[in-house]
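What you see is a predicted model, and the numbers here were worked out from it, not measured in a lab. Position 1 is the first residue of the sequence, and the numbers go up from there.
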Amino acid sequence: MKQKIFVSRAIFPEVLARLEQHFEVQSNQEDRIYSADELLAAAKGRDGLFTTPSEPVTAALFAANPQLKAVCNMAVGYNNIDVAAATAAGVMATNTPDVLNETTADFGWALMMATARRITESEHFLRAGKWKKWSYDSFVGPDVHGATLGIIGMGRIGQAIARRSLGFDMQVLYHNRSRLKPEQEAHANNAQYVSKEELLKRADHVVLVLPYSKETHHTIGAAELALMKPTATLTNIARGGIVDDAALIEHLRAGRIAAAGVDVFENEPAFKPEFLSLTNVVLTPHIASASTPTRLAMANCAADNLIAALSGQTPPNLLNPDVVKA
């Protein structure tokens, strides 16, 4: 008999068909968002879960489903999974790193440049029929070329963003939990390791690419925003909660920083409606990895992890290797 899995959100039909070759699949192709209790119930009798960051995978779920062997997230982030509880329950947890690095870096640049050059604001002006003449100061903003780029979170995506800055003749500053190796710094456009405070004071464009955790919650709050230049921009393609959104709104409203590009929000898909009243912010709905090839690669990566885990193998992207050691 085939093992049983639950796919918690709609995914590509071809990936679902691939999973059906290996498992008895129950899927949520209607794409309804499950609460923690609903997901707990859906996991009953299932050997594996294919999840996304939308669903909370809790200690209560593991306690109620002792038969569960694997939870495989279709995302590089996994703060929706209680990994410690998974480990205690002997459940393998996985994510999908690397396959989205370049696409996410592309988007980080797109969002940062749209923010700096006031693309959204000027398009709304045009669409509203307000464009009547050319003016020397119409929608002027900071340059990107020749500016100082500050990257907080210098993992694979951060390094990919830094590499792209070479063509814009930018100086790159970065802050990370640990310093990169010299050869990695050189490959990342000779990126310079500095403190977070120095980066915020010096950078013309700050890009956030760090994972979310209790330690990184509100990495950027009122005190950090106050360090930035009034001409600087902030781009968040990391996770909601990395930035104190209320503090960001206040600083944008007061003109204490020039502009922000925001792809992720606290408590998303809910977000603070005050963002909508601001003209100096570019807002996107968590789409940094949203190219068709990349999202398909993420889905297949999650499927690879689940197939391996339920076949008695070590999945390629195991987050809690102590489960295997045990």
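- One finds the SG atom of Cys301 at 4.0 Å from the CG atom of Asn317 (value rounded to the nearest 0.5 Å).
- For residues 113-134, every residue pair satisfying the side-chain hydrogen bond (donor to acceptor under 3.5 Å, both in side chains) rule, not counting sequence neighbours, is listed here: Arg118-Glu121, Glu123-Arg127.
- Shown here is Lys196, whose NZ atom has more than 12 heavy atoms of other residues, nucleotides or ligands within 6.0 Å.
- When each of Asn190, Ile151, Leu166 is tested with Val172 by the rule side chain to side chain contact (heavy atoms under 4.5 Å, CB included), just one qualifies, namely Ile151.
- For Tyr174 and Glu185, the side-chain atoms include at least one donor-acceptor pair closer than 3.5 Å.
- A side-chain donor-acceptor contact under 3.5 Å links Asp263 and Thr284.
- Other residues, nucleotides and ligands contribute more than 12 heavy atoms inside 6.0 Å of the NZ atom of Lys229.
- Side-chain contact check for Gln26 and Arg46: at least one donor-acceptor pair (N or O, by modelled atom type) lies under 3.5 Å.
- Ring planes of His217 and Tyr212: perpendicular class, angle over 60° (limits at 30 and 60°).
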Before giving the answer on side chain to side chain donor-acceptor pair (under 3.5 Å), spell out for Ser213 and Glu215 the whole-Å C-alpha distance, their side-chain angles and the decisive distance to 0.1 Å.
CA-CA 5 Å; Ser213 66; Glu215 292 71 32; 3.2 Å; yes

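- A donor-acceptor contact closer than 3.5 angstrom links the side chains of Glu268 and His286.
- A donor-acceptor pair shorter than 3.5 Å can be found between the side chains of Ser291 and Thr294.
- Judged purely by distance below 3.5 Å, without hydrogens or angles, the side chains of Ser165 and Asn189 pair a donor atom with an acceptor atom.
- For Asp82, there are no side chain to side chain donor-acceptor pair (under 3.5 Å) partners two or more places apart in sequence or in a different chain.
- The environment of His218 atom NE2 is dense: over 12 non-hydrogen atoms of other residues, nucleotides or ligands sit within 6.0 angstrom.
- For Arg177, the CZ atom sits in a loose shell: 12 or fewer heavy atoms of surrounding residues, nucleotides or ligands are nearer than 6.0 Å.
- You'll find the side chain of Leu276 stays beyond 4.5 Å of the side chain of Val281, heavy atoms only.
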